[in-house]
Amino acid sequence: GDSVTQMEGPVTLSEEAFLTINCTYTATGYPSLFWYVQYPGEGLQLLLKATKADDKGSNKGFEATYRKETTSFHLEKGSVQVSDSAVYFCALSVIQGAQKLVFGQGTRLTINP
Amino acid sequence: GAVVSQHPSWVICKSGTSVKIECRSLDFQATTMFWYRQFPKQSLMLMATSNEGSKATYEQGVEKDKFLINHASLTLSTLTVTSAHPEDSSFYICSAQGGTGFYEQYFGPGTRLTVT
């Protein structure tokens, strides 16, 4: 079945460091790919998405490129801030009447000043 | 816009009792709502999908008689955990979208259930 694997956390970085959170997927067909972020005490929020191969999603300085050849959607940011501390979820969607999301296990990111 | 609330945010109940969790879309009409369950340090697992006015569609392995889902209006869905047991303790998250197919899902903040 469809699945998403992302790098285990927690990840701790210093402010202004470069961030990469790896995400790979297994899916039949051509899924759409997403990164969601969950700040403490809040619901998941869509961070960025890509709907087809070679698409690049970007938002708030974060980027991820849909790589079909490597079945990956790695999240990157060039210079992280303390406010980026959160849990990040990679997900894919399979549309079967309704958009069903399959999530990775989440990666907790902590940025130290 | 696109705010989804859940109530309560946390609940403790005794084994054998039932607990109802509400999920509301505050500023849009949610044609479809989803219920997820999240175990500590694990992913969100989809439990069921519900469309307003119709029966929920449960994922394989989810007991429909134990996890009752009602989507009676375009802004409210409820999840009732019946005859709760300690193994039902978990974090329950709902999401809502304004249509079928490819629409963004908006997530509630979650409800932590502890069964003693």
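A, B, ... follow the sequence lines: proteins, then strands. Residue 1 opens every chain. Values in this document were obtained by computation on a predicted structure and should not be read as measured data.
Cluster membership for B:L76 and B:I21, using ILVMFWY side-chain heavy atoms within less than 4.5 angstrom, is not shared. Under a hydrophobic-cluster definition in which Ile, Leu, Val, Met, Phe, Trp and Tyr are linked whenever side-chain heavy atoms come within less than 4.5 Å, directly or via other members, A:V87 and B:I93 are assigned to the same cluster. Placement of A:F62 and A:I21 within a single hydrophobic cluster is found when ILVMFWY residues are connected by side-chain heavy-atom separations under 4.5 Å, directly or transitively. A single hydrophobic cluster is not seen to contain both B:M33 and B:Y92; linkage of ILVMFWY side chains at heavy-atom distances under 4.5 Å, directly or through other members, places them apart. Following chains of ILVMFWY side-chain contacts shorter than 4.5 Å, one can reach A:Y39 starting from A:L13, so the two form part of one hydrophobic cluster.
Electrostatic pairing of B:E104 and A:K49 does not count as a salt bridge here, judged by no charged N lying under 4.0 Å from a carboxylate O.
Atom CE of A:M7 sits in a crowded spot, with more than 12 heavy atoms from other residues, nucleotides or ligands closer than 6.0 Å. For B:H7, the NE2 atom is loosely surrounded, since the number of other residues' heavy atoms within 6.0 Å does not exceed 12. A 6.0 Å sphere centred on CD of A:E15 holds more than 12 heavy atoms belonging to other residues, nucleotides or ligands. Applying the 6.0 Å contact sphere to CD of A:E8 captures no more than 12 heavy atoms from other residues, nucleotides or ligands.
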Residues B:L44, A:Y36; criterion side-chain contact (heavy atoms from CB on, under 4.5 Å); working and verdict
CA-CA 12 Å; B:L44 282 75; A:Y36 282 85; over 6 Å; no
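Only the side chain of B:Y36 comes within contact range of chain A, with heavy atoms under 4.5 Å apart. With a 4.5 Å cut-off on non-hydrogen atoms, B:L46 touches chain A through its side chain but not through its backbone. In this structure, the portions of B:Q105 lying under 4.5 Å from any heavy atom of chain A include both its backbone and its side chain.
A:E42 contributes atom CD, which lies 14.0 Å from atom CZ of B:F107 (distance to the nearest 0.5 angstrom). Remark: B:Q38 CD to A:L44 CG distance equals 7.5 Å, nearest 0.5 Å. Taken from CD in A:Q45 to OH in B:Y106, the straight-line distance is 11.0 Å, to the nearest 0.5 Å.
Applying the salt bridge (charged side-chain N to carboxylate O under 4.0 Å, His left out) test to pairs two or more places apart or on separate chains, those with a residue in residues 6-22 of chain B are B:E22-B:R24.
Interface with chain B: from residues 103-113 of chain A, residues A:F103, A:G104, A:Q105 qualify, criterion being any non-hydrogen pair under 4.5 Å.
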